Protein chains: 2
Amino acid sequence: MRKTYLFLDTIINKVDAKGRVSLPADYRTILKELSTDIVCYRSLTSPCIEGCTEDLLEKLATDIENSTDFFSETQDDLTNLIFGDAKRFTFDSTGRIMLTEKLLKHAEITNSAVFVGKGRKFQIWSEENWEKEEKRLREKIKSNRPSLKMPEEKP
Amino acid sequence: MRKTYLFLDTIINKVDAKGRVSLPADYRTILKELSTDIVCYRSLTSPCIEGCTEDLLEKLATDIENSTDFFSETQDDLTNLIFGDAKRFTFDSTGRIMLTEKLLKHAEITNSAVFVGKGRKFQIWSEENWEKEEKRLREKIKSNRPSLKMPEEKP
DNA sequence: TGGTATAACATGGTATTTTATGGGAATCAA
DNA sequence: TTGATTCCCATAAAATACCATGTTATACCA
């Protein structure tokens with residue numbers, strides 16, 4: 001039994017005519033070991049789908065409770081957006097999930113889906129959009145390296 | 001049981017047609033004692049593969065989570081870049097890992113891989129590139145000696 | 001100290017398992 | 001019925017585990 005549960009790597013899988021996609025095997029292993037489902041929702045900032053374990057969303061709920069007051073407008077807005085949009089997905093015996101039309105449309109996904117690990121979360125992109133996004137990120141980093149320090153190098 | 005876990009030394013191993021390489025025995029010992037896997041990703045600055053324990057990456061995930069909020073742009077960009085590129089590797093009963101095409105290409109590795117210890121991390125280079133890099137580093141040090149201060153001498 | 005036996009290691013090859021993915025039947029809803 | 005969703009089976013490709021061998025490093029003993 002492992003100690004760490006990170007969504008990693010970039011994996012391209014096909015989306016078939018029925019809207020089915022294989023969830024990367026690594027991701028499935030994590031979900032099985034944690035006995036949790038995944039939850040997906042439209043990214044608030046990018047044309048992609050965002051996913052995480054249901055456990056993490058639970059944590060987000062707690063964080064929001066603690067960070068703003070119960071009746072604040074911000075909290076209202078965030079909870080509506082995230083929880084209202086989030087949907088639970090379970091994979092079938094062959095490891096596939098069926099994404100919804102709404103999610104696919106938001107991410108402009110048609111034939112193939114790119115799973116991008118984000119540690120506690122992951123994202124699902126169209127091939128074209130991810131290509132652009134990765135390029136943007138690498139350009140940005142070139143001019144801003146200091147922000148990438150590893151833990152042991154921190155003061 | 002030892003006290004320290006450092007990736008050291010420079011070891012050259014062959015890469016076969018399938019992309020398999022023996023992980024240096026010393027490295028394997030460390031991983032076994034820490035019960036963790038290694039994670040490899042393309043160096044952001046050099047034509048080489050960089051590796052570390054999954055534990056270290058887990059720590060990084062926690063640090064990022066704590067230093068920025070759930071919806072921050074910085075967190076988004078960083079996590080995509082690091083975790084999206086990182087891939088977990090486990091060695092088989094004969095001590096080998098199978099590097100991916102993407103990583104090998106980035107490091108321009110074909111027949112042999114040079115493992116270079118970096119303490120908590122290590123790098124994997126092609127023989128040609130490492131030869132150049134080592135030369136460059138030694139030249140650089142000659143003209144810039146003061147930057148090599150030990151921790152206790154820091155302000 | 002020198003020489004030999006033993007163990008560990010790297011590495012080529014092969015067998016087995018896992019994974020992604022297409023298609024079809026069963027189930028359900030409108 | 002029609003259209004969609006879930007479940008199950010089949011298959012090819014890819015990843016992984018396993019076996020065998022020569023070589024190097026280590027331990028042991030005279």
Side-chain angles (χ1 to χ4, degrees), chain A residues 1-2 7-33 37-38 40 49 51 87-105 109-117 122 124-127 130, chain B residues 2 7-33 36-41 49 51 54 86-105 109-117 122 124-127 130:
Chain A
M1 189 56 82
R2 78 171 86 180
F7 295 112
L8 298 177
D9 209 358
T10 298
I11 290 123
I12 304 177
N13 282 341
K14 285 195 181 161
V15 180
D16 72 10
K18 298 182 198 174
R20 295 181 299 182
V21 209
S22 284
L23 200 63
D26 262 14
Y27 293 13
R28 299 197 311 251
T29 308
I30 291 178
L31 298 179
K32 274 186 249 169
E33 290 189 1
D37 286 325
I38 57 161
C40 294
I49 303 166
K87 184 171 160 52
R88 189 180 298 113
F89 290 91
T90 53
F91 54 88
D92 63 22
S93 60
T94 61
R96 283 182 286 201
I97 55 173
M98 229 184 77
L99 295 170
T100 63
E101 199 49 52
K102 185 172 81 175
L103 292 173
L104 291 170
K105 196 176 167 193
I109 293 172
T110 52
N111 298 312
S112 62
V114 185
F115 291 81
V116 182
F122 61 88
I124 315 176
W125 292 75
S126 73
E127 287 197 72
W130 172 243
Chain B
R2 76 171 89 179
F7 295 112
L8 298 175
D9 209 358
T10 298
I11 287 121
I12 304 177
N13 283 341
K14 284 196 182 161
V15 181
D16 73 10
K18 297 189 214 166
R20 292 185 301 181
V21 211
S22 282
L23 201 63
D26 264 13
Y27 293 14
R28 300 198 312 251
T29 309
I30 292 177
L31 299 178
K32 273 186 250 170
E33 291 189 0
T36 187
D37 287 325
I38 58 160
V39 160
C40 294
Y41 50 93
I49 301 166
E54 195 176 348
K87 185 168 161 54
R88 187 181 301 114
F89 291 91
T90 54
F91 54 88
D92 62 22
S93 59
T94 61
R96 282 182 288 198
I97 57 173
M98 223 182 82
L99 294 170
T100 62
E101 198 49 53
K102 186 171 83 174
L103 292 173
L104 291 170
K105 195 176 166 194
I109 293 171
T110 51
N111 298 311
S112 62
V114 185
F115 290 81
V116 184
F122 61 89
I124 314 176
W125 292 76
S126 74
E127 288 197 72
W130 173 242

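Quantities reported herein were computed from a predicted structural model and do not represent experimental measurements.
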### Task
Could you run through nucleotides 5-21 of chain C and give me one letter per nucleotide, 5' to 3': B if any protein heavy atom sits under 4.0 Å from the base, S if only the sugar-phosphate is that close, - if neither?
----SSBBBB----SSB
### Task
Check side chain to side chain donor-acceptor pair (under 3.5 Å) between Thr94(B) and all other residues, then give those that pass, not counting sequence neighbours.
Asp92(B), Arg96(B)
#### Entry: For the student: nearest non-hydrogen atoms of Ile124(A) and Ala113(A), plus distance
CG2-CB, 3.6 Å
### side chain to side chain donor-acceptor pair (under 3.5 Å) against Ser22(A), all qualifying residues, sequence neighbours excluded
none
## Note on the structure
Residues at least two apart in sequence or cross-chain that pass salt bridge (charged side-chain N to carboxylate O under 4.0 Å, His left out) with Lys102(A), listed by chain then number, are Asp85(A)
### Task
State which residues pass side-chain contact (heavy atoms from CB on, under 4.5 Å) with Lys105(B); sequence neighbours excluded, sorted by chain then number.
none
### Query
Does Trp125(A) have any side chain to side chain donor-acceptor pair (under 3.5 Å) partners at least two apart in sequence or in another chain, and if so, which?
Gln123(A)
### Message
Can you list everything that forms a side-chain contact (heavy atoms from CB on, under 4.5 Å) with Lys14(A)? Sequence neighbours excluded, please.
### Response
none
## Note on the structure
Residues passing the ring-ring contact (aromatic ring centres under 6.0 Å, His included) test with Tyr27(A), sequence neighbours excluded, are Phe7(A), Phe122(A)
### Query
Going 5' to 3' on DNA chain D, which nucleotide is the first and which the last to come under 4.0 Å of a heavy atom in chain B?
dA15(D) to dC19(D)
### Query
Who are the side chain to side chain donor-acceptor pair (under 3.5 Å) partners of Arg88(A), not counting sequence neighbours?
Glu54(A)
### Task
Not counting sequence neighbours, which residues clear side-chain contact (heavy atoms from CB on, under 4.5 Å) with Asp9(B)? List them please.
Ile11(B)
### Message
Rounding to 10°, can you tell me the angle the first-five-pair axis of the helix from dT1(C)-dA30(D) to dA30(C)-dT1(D) makes with its last-five-pair axis?
### Response
40°
